[in-house]
Amino acid sequence: MEDIDRDAQYLEITPEQFIDTYLEKEEYGINYQTKHKPCDFLQEDGNCKLGDCKPDSCKKYPYTDQPERLSSLLSILDTIEICPVAFEIFERLKQEYRFRTRR
């Protein structure tokens, strides 16, 4: 709730407005998640609307500095390389989230 209070204050709205506008309970009803994917706070330029107020989990995402998480990310790439179904899902996700390659 501390993150919600801080983020709401940063956006100059009440915590209740913040929850109603941006959040919903996750599958198990314990924590909140953003209503839309990839994220309601992700701006067109790739920056976060919450600036330095974003939650710690967002600051750490995509966890490439955490070896235990990095191996799971790399295993996804290995799977995509050999499994046509995983490759197709990955390609569809890239289209859905408008993934762009850097040149």
Side-chain angles (χ1 to χ4, degrees):
M1 196 67 173
E2 184 179 312
D3 285 338
I4 291 172
D5 292 339
R6 184 188 65 236
D7 295 342
Q9 184 177 8
Y10 181 79
L11 295 176
E12 298 179 348
I13 59 177
T14 67
E16 293 78 19
Q17 289 172 316
F18 184 85
I19 291 169
D20 289 343
T21 304
Y22 298 109
L23 304 177
E24 64 187 9
K25 288 283 188 174
E26 48 85 24
E27 181 179 355
Y28 302 106
I30 298 170
N31 297 310
Y32 286 103
Q33 63 186 17
T34 57
K35 289 183 178 180
H36 305 98
K37 304 294 183 239
C39 179
D40 288 305
F41 305 109
L42 183 63
Q43 299 178 110
E44 286 291 323
D45 64 2
N47 289 317
C48 178
K49 186 178 197 172
L50 297 173
D52 292 334
C53 288
K54 61 185 167 185
D56 285 339
S57 62
C58 294
K59 289 176 184 176
K60 295 176 182 176
Y61 187 82
Y63 314 110
T64 54
D65 63 338
Q66 299 173 2
E68 66 279 2
R69 295 297 301 260
L70 183 56
S71 64
S72 68
L73 292 171
L74 293 173
S75 71
I76 292 170
L77 295 176
D78 289 340
T79 303
I80 291 167
E81 187 175 56
I82 60 172
C83 176
V85 174
F87 178 80
E88 181 63 27
I89 291 168
F90 181 69
E91 290 299 310
R92 289 181 188 189
L93 286 170
K94 287 177 8 184
Q95 288 176 356
E96 182 174 337
Y97 294 114
R98 295 179 210 94
F99 178 79
R100 295 181 300 273
T101 58
R102 295 181 185 185
R103 299 185 190 251

Q | Student check: side-chain heavy atoms of Lys37 and Tyr97 closer than 4.5 Å | A | yes

Q. Is Leu23 close to Ile4 at the side-chain level, that is, under 4.5 Å between some pair of heavy atoms?
A. yes

Q: Assess whether atom CD of Gln43 is packed by more than 12 heavy atoms of other residues, nucleotides or ligands within 6.0 Å.
A: yes

Q. Would you say Gln9 has more than 12 foreign heavy atoms packed within less than 6.0 Å of its CD?
A. no

Q: Please round to the nearest 0.5 Å and tell me the distance separating atom CD of Gln33 and atom NZ of Lys25.
A: 11.0 Å

Q. Taking only residues at least two apart or on different chains, which pairs with a member in residues 34-53 satisfy ring-ring contact (aromatic ring centres under 6.0 Å, His included)?
A. Phe18-Phe41, Tyr22-Phe41

**Q.** Non-hydrogen atoms of Lys35 and Asp40 that approach each other most closely
**A.** N-OD2, 3.0 Å

Q.
Quick test of your reading of the model: are Glu96 and Arg92 salt-bridged, counting only N-O distances below 4.0 Å?
A. no

Q) What's the verdict on side-chain contact (heavy atoms from CB on, under 4.5 Å) for Glu24 and Tyr32, showing C-alpha distance, side-chain angles and the deciding distance? A) CA-CA 5 Å; Glu24 64 187 9; Tyr32 286 103; 5.8 Å; no

Q.
Are there over 12 heavy-atom neighbours, none belonging to Asp52, within less than 6.0 Å of that residue's CG?
A. no

Q) Side-chain heavy atoms under 4.5 angstrom apart, residues restricted to Ile, Leu, Val, Met, Phe, Trp, Tyr: same cluster for Ile76 and Leu93? A) no

Q) Does any N or O in the side chain of Glu26 come within less than 3.5 Å of the main-chain N or O of Asn31, such that one atom is a donor and the other an acceptor? A) yes

Q: Taking the side chain as every heavy atom from C-beta outward, state whether Pro15 and Asp7 have any atom pair closer than 4.5 Å.
A: no

**Q.** Apart from Tyr28 itself, residues in the same hydrophobic cluster as defined by side-chain heavy atoms under 4.5 Å
**A.** Ile30

Q) Looking only at heavy atoms, what is the nearest atom pair of Arg6 and Lys54, with distance? A) NH2-O, 3.7 Å

**Q.** Approximate separation, where rounding is to 0.5 Å, of Ser75 OG and Ile80 CD1
**A.** 9.5 Å

Q. Got Asp3 and Cys53 here, is their nearest side-chain heavy-atom distance under 4.5 Å?
A. no

Q: Take Leu11 and Leu50 through the test side-chain contact (heavy atoms from CB on, under 4.5 Å) and record every step on the way to the result.
A: CA-CA 8 Å; Leu11 295 176; Leu50 297 173; 3.8 Å; yes

